[in-house]
Amino acid sequence: ALEYEAASAAFEQLLALDPTNTSVSMRAASLSAKLGNRSRGRKIIDSSLAANPGRAEPYFNLARYLDLFQPPGGEAEFSSRALEVAAIAEEKFPLDSRVCELLVDLHLRVRDPESAASAVRRFAKREGPGAQFWLALGTQALRCFDLTGGRGDAVRAEIDELFERALRASAGRPEVADSVANYHIGARHYERARDILAPVVKAHPELALEREKLARVYRILGQPDEAINELEILIAAYPNESRTQRMMAELLAGKGDHAGAVHHRARAVQLGGAEDSDFIELAVALSDRFYPPRYAEALQWLERGLARSPVAPRLHYMKGIVSSNSGNFEQAFSSYQRAEKVAKVTLPDLLDEGFYYNFGVAAERTGEFGEARLHFKRAVELVPREAPEKAAKSLNDHGFMLLEIDEDIEVAGELIRRAVELAPDNPIYLDSLGWYYFKIGAPEKALAELKRAKQLMGADVDPEVLAHIEAVEKSLDD
């Protein structure tokens, strides 16, 4: 209270020096009201009105003062009085868009969006003084016009027209065009946003933010070549912007230019502000999009990411995947362990059926068969009910592992049969089923399944299938 009193006295001293200062008068009045002297605050506002004939600001202050500082039980009366003051302001200043904003504020405060919309429509019938007037009306319309129901398209057209009138009144000012384009982007009118931004950028090549926005619009519209053209101009002028480097990487990757994508993604990382996803995207590109795969480089980027974010579970998981693909299953197993430990606390959604399938494969290949069984089983448990076929690969790999280590052969057969039921034409699973039949002493059944697997593989037959067929045929000959 003492601080409020001191501040109130200071503001009133300032007002004595300059009674026309509407900002100071509002602050002084507000402090008086907060100190419990609403009548003193009202006198300060009234004095400001007298000191500023012909200005709208004192009316705004009075309306907001009445709206904000209402006595207990007088809410409805003071809201009504605030609206009366706003109506006087509209009569005196019919082309001041701030009056429209005030009316919308007050009507929305009493949950009357229809009256707020009516105020905007009244102002829209007037000949506004310029582009900012129409931009302001468009902004207020977005706050209170009802876009739901059967008249949604017609109401949207009304709002469109307010922003288009701003554009027509702009005399080519790029900042107005940018505001109108922003509206159309928000309304998902991407073609119109493109048509507004393209000539602006052509006429004002120095406008980097607008050019970047145009590139994003081109991308949304499925025009990657045009987006790339704009980004090339931007990057030539501003090579040290990581945001545009990253967008260029994404566009080039979408066009299959993975070398270019890696170059620009790496540049984005080098410029700072890197995200975990940058390191993951680099690792995916280097390990999956090149032949031969560039596993060593992929792992180097992931190590850089982990040096920056040592407890990022997605980075550990990706390191496990790349390590597995490169044949380093011990490193993969260790990475999956770290990923699981961190993800249980920070990102449990990461631990889905795919994660535990990969974890199970790495455990199997490192000889951790007990852990592999647990992970394959967990993977099956996590398969979504609406996609049961996703369980097949875990069932098959679990079963085939048991065949290979001669453990729980009947359990292995049951797992493999379940995989085949889910994917009856998968040659890998049929190979496993054939090998199960061979293990239990049914070579005729084994050979039938193995030959079917071979047929389904066509010309690209897995050598392991051929080896299994040879072993079964040899046993039949013997």
Side-chain angles (χ1 to χ4, degrees), residues 95 97 100-101 120-121 123-143 145 147 152-255 257 260-261 264 267-268 271:
L95 297 180
S97 61
C100 182
E101 180 182 356
V120 175
R121 290 187 171 104
F123 275 80
K125 292 177 181 178
R126 299 163 189 166
E127 289 300 323
Q132 293 302 324
F133 176 84
W134 298 111
L135 285 177
L137 292 196
T139 301
Q140 298 310 314
L142 286 171
R143 296 177 62 199
F145 279 22
L147 290 166
D153 290 344
V155 173
R156 173 62 74 181
E158 283 187 81
I159 302 175
D160 290 352
E161 178 58 18
L162 293 172
F163 283 98
E164 292 297 328
R165 291 181 78 171
L167 192 63
R168 292 195 293 272
S170 69
R173 288 158 55 197
E175 68 274 15
V176 175
D178 183 56
S179 295
V180 177
N182 285 340
Y183 159 71
H184 284 296
I185 291 170
R188 300 184 180 180
H189 301 159
Y190 300 116
E191 292 87 352
R192 183 61 184 138
R194 174 199 60 199
D195 295 343
I196 292 170
L197 288 169
V200 169
V201 167
K202 185 176 181 180
H204 302 275
E206 74 282 1
L207 295 177
L209 292 177
E210 286 74 9
R211 189 179 297 278
E212 181 183 342
K213 194 176 298 179
L214 177 59
R216 292 184 184 278
V217 169
Y218 277 133
R219 184 180 182 184
I220 292 169
L221 289 171
Q223 297 178 266
D225 292 337
E226 289 80 355
I228 288 169
N229 289 340
E230 299 300 336
L231 290 176
E232 285 175 344
I233 296 170
L234 269 179
I235 289 171
Y238 307 98
N240 296 328
E241 288 290 338
S242 61
R243 186 175 59 252
T244 50
Q245 296 280 359
R246 186 177 289 110
M247 195 194 317
M248 178 67 94
E250 292 166 355
L251 285 162
L252 291 174
K255 288 180 63 66
D257 181 359
H264 286 284
R267 181 65 179 145
L271 288 169

Q) How are the rings of F133 and F123 set to each other: parallel, tilted or perpendicular (split at 30° and 60°)? A) tilted
Q.
Measuring only between side-chain heavy atoms, which start at C-beta, is E232 closer than 4.5 Å to N229?
A. yes
Q. Is L142 close to F163 at the side-chain level, that is, under 4.5 Å between some pair of heavy atoms?
A. yes
Q. Any idea which heavy atoms bring L167 and A177 closest together, and the distance?
A. CD1-CA, 3.7 Å
Q: Over all heavy atoms of both residues, which pair between A166 and V176 is shortest? Give the atoms and the distance, please.
A: O-CG1, 3.6 Å
Q | Test item: L207 and V201 side chains (from C-beta on) under 4.5 Å apart, heavy atoms | A | no
Q. Below 4.5 Å, heavy atoms only, C-beta onward: do V120 and E158 meet side chain to side chain?
A. no
Q: Might you point out which heavy atoms bring A215 and E230 nearest each other, and give the distance in Å?
A: CB-CB, 4.0 Å
Q.
Would M247 and E241 count as a side-chain contact (heavy atoms from CB on, under 4.5 Å) here? Give the steps.
A. CA-CA 10 Å; M247 195 194 317; E241 288 290 338; over 6 Å; no
Q: Write down the atom of A141, the atom of I159, and the distance for their closest heavy-atom approach.
A: CB-CG1, 4.0 Å
Q: Report yes if the side chains of R216 and I185 come closer than 4.5 Å at any heavy-atom pair, otherwise no.
A: no
Q: Flag this pair as yes if the NZ/CZ of R156 is under 6.0 angstrom from the six-membered ring centre of F145 and inside a 45 degree cone about the axis; otherwise no.
A: no
Q.
Salt bridge check, R219 against E250: does any charged N sit closer than 4.0 Å to a carboxylate O?
A. yes
Q: With the side chain counted from C-beta on, respond yes when M248 and R267 share a heavy-atom pair under 4.5 Å apart, and no when they do not.
A: no
Q. Between Y190 and V217, which heavy-atom pair has the shortest distance, and what is it?
A. O-CG1, 3.4 Å
Q | Minimum side-chain heavy-atom gap R211-L231 below 4.5 Å | A | no
Q.
One thing to verify: whether E161 and R168 come together as a salt bridge, which I'm taking to mean a side-chain N less than 4.0 angstrom from a carboxylate O.
A. yes
Q: With rounding to the nearest 0.5 Å, note down the distance linking NE2 in H264 to CD1 in I235.
A: 5.0 Å
Q: Output yes when K213 and D178 qualify as a salt bridge under the 4.0 Å nitrogen-oxygen rule, no when they do not.
A: yes
Q. Do T139 and Y183 come within less than 4.5 Å of each other through their side chains, counting heavy atoms only?
A. no
Q: Over all heavy atoms of both residues, which pair between S170 and A131 is shortest? Give the atoms and the distance, please.
A: CA-CB, 3.9 Å
Q. Roughly how far apart are E226 CD and L214 CG, rounded to 0.5 Å?
A. 9.5 Å
Q) Between Q245 (side chain) and P239 (backbone), is there a donor-acceptor pair under 3.5 Å? A) yes
Q: Give the C-alpha distance, both sets of side-chain angles, the deciding distance and a yes or no for side-chain contact (heavy atoms from CB on, under 4.5 Å) between R243 and E212.
A: CA-CA 9 Å; R243 186 175 59 252; E212 181 183 342; 2.5 Å; yes
Q.
Assess, by modelled atom type and distance only, whether the side chains of Y218 and D225 contain a donor and an acceptor separated by less than 3.5 Å.
A. no
Q) Rounded to the nearest 0.5 Å, how far does CG of L162 lie from CZ of R121? A) 9.5 Å
